[in-house]
Amino acid sequence: MNKKGKLFIVSGPSGSGKSTVLGEVFKRRDRLYFSVSATTRAPRPGERDGVEYYFIDERRFDEMVEHDEFLEHARYAKCSYGTPRKPVEEKLNAGIDVILDIEVQGAGQVKSRMPEAVSVFIAPPSLEELERRLRSRGTESEERIALRLETAKTELREAGKYDYVVVNDDYLRAAGELLQILNNA
Ligand code: 5GP
């Protein structure tokens with residue numbers, strides 16, 4: 001009979017290189033669904049609505065919360081983020097593995113509701129390297145970088161709650177490690 005897909009939670013501070021690692025994982029593995037979140041954050045250059053995120057306003061976000069349309073949701077760096085529940089459930093029921101790229105509060109919510117989910121924390125090699133990466137992105141203001149760095153420090157303290165920690169010293173190596181975790185789950 002149809003086997004259910006597995007749910008993977010991937011967290012990592014802004015600047016951990018998580019998106020690059022995930023991009024590589026999706027290149028190397030098919031039948032894997034990336035859950036597209038809804039956010040009230042403004043799109044960065046090149047980001048497309050419905051691809052990286054669904055870009056919505058606070059009012060629509062609150063409406064979705066009220067209608068219980070989110071599997072989890074959280075505030076992060078003064079914006080709201082949430083995982084639309086329906087597509088995740090549909091893919092899992094169709095036997096397709098799902099990846100949630102979400103921050104630590106949301107990860108905790110999912111883990112307590114679906115303890116079978118496998119959680120992975122992508123860590124930067126060091127805080128210095130994290131700061132360097134945040135700055136080199138060049139899309140964020142000083143104030144936002146400082147806020148993200150502070151948040152990252154708090155997040156790093158949560159790494160121990162995850163099933164696995166992958167250190168992103170080299171994104172190809174880290175992607176290989178993450179793939180192994182997916183394949184062995
Ligand atoms: P960014 O604004 O850099 O794209 O994302 C900021 C943080 O929000 C990242 O840690 C990302 O994983 C997290 N995030 C993205 N989508 C969601 C979501 O649906 N729920 C939660 N809880 N966090 C999310």
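For ligands, and for the atoms within them, numbers begin at 1 and follow the listed sequence. Start at 1 with the first residue, then count along the sequence.
Between the side chain of Arg41 and the main chain of Ser80, no donor-acceptor pair closer than 3.5 Å is present. Between the side chain of Glu72 and the main chain of Ala107, no donor-acceptor pair closer than 3.5 Å is present. No donor-acceptor pair under 3.5 Å is formed between the side chain of Lys6 and the backbone N or O of Asp97. Gln109 contributes a side-chain N or O that, together with a main-chain N or O of His73, makes up a donor-acceptor pair within less than 3.5 Å.
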message = I'd like to know whether Phe61 forms a ring pair (Phe, Tyr, Trp, His ring centres under 6.0 Å) with Tyr81, so could you lay out the CA-CA distance, the side-chain angles of the two residues, the decisive distance to 0.1 Å, and finally the verdict.
response = CA-CA 8 Å; Phe61 196 94; Tyr81 295 82; 8.3 Å; no
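Where the criterion is an N or O separation shorter than 3.5 Å, residue side chain and backbone included, Glu155 fails it with respect to ligand 1. Residue Ser14 places no N or O, backbone or side chain, under 3.5 Å from any N or O of ligand 1. Looking at ligand 1, you'll find an N or O of Gly82 within less than 3.5 Å of one of its N or O atoms. The shortest N/O to N/O separation between Tyr76 and ligand 1 does not fall below 3.5 Å.
Residue contacts with ligand 1: Tyr53 is included, with a non-hydrogen atom under 4.0 Å away. For the pair Glu52 and ligand 1, no heavy-atom separation below 4.0 Å is found. Heavy atoms of Arg148 approach ligand 1 to within less than 4.0 angstrom. Using a 4.0 angstrom heavy-atom cutoff, Arg44 counts as in contact with ligand 1.
Two residues are said to be in side-chain contact when any heavy atoms from C-beta on lie closer than 4.5 Å; Val120 and Leu182 fail this criterion.
Screening residues 144-169 for ring pair (Phe, Tyr, Trp, His ring centres under 6.0 Å) gives Phe121-Tyr162 as the qualifying pairs, with residues at least two apart or on separate chains.
More than 12 heavy atoms of other shown residues, nucleotides or ligands fall within 6.0 angstrom of atom CZ in Arg173.
A side-chain donor-acceptor contact under 3.5 Å links Asn183 and Arg29. Of the N and O atoms on the side chains of Glu58 and Thr40, at least one donor lies less than 3.5 Å from an acceptor on the other residue.
Scanning the protein for heavy atoms near atom 13 (C) of ligand 1, the closest one is Glu103 N, 3.6 Å. The nearest protein atom to atom 10 (O) of ligand 1, hydrogens excluded, is given as Lys18 NZ, 3.4 Å; this is a heavy-atom distance. Counting only heavy atoms of the protein, atom 14 (N) of ligand 1 lies nearest to Asp101 O, 3.6 Å.
Counting heavy atoms under 4.0 Å from ligand 1, residue His73 does not touch it at all. Counting heavy atoms under 4.0 Å from ligand 1, residue Gln105 does not touch it at all. Under 4.0 Å from ligand 1, the heavy atoms of Glu72 that appear belong solely to its side chain.
Close approach to Ala74 involves these atoms of ligand 1, each under 4.0 Å from a residue heavy atom: 22 (N). Ligand 1 places these atoms under 4.0 Å from at least one heavy atom of Arg41: 1 (P), 2 (O), 4 (O).
Between Glu142 and Arg135, at least one side-chain N (NZ, or NE/NH1/NH2) sits under 4.0 Å from a carboxylate O, which counts as a salt bridge.
Nearest to atom 16 (N) of ligand 1 by heavy-atom distance, out of Ser37, Gly106, Pro43, is Ser37.
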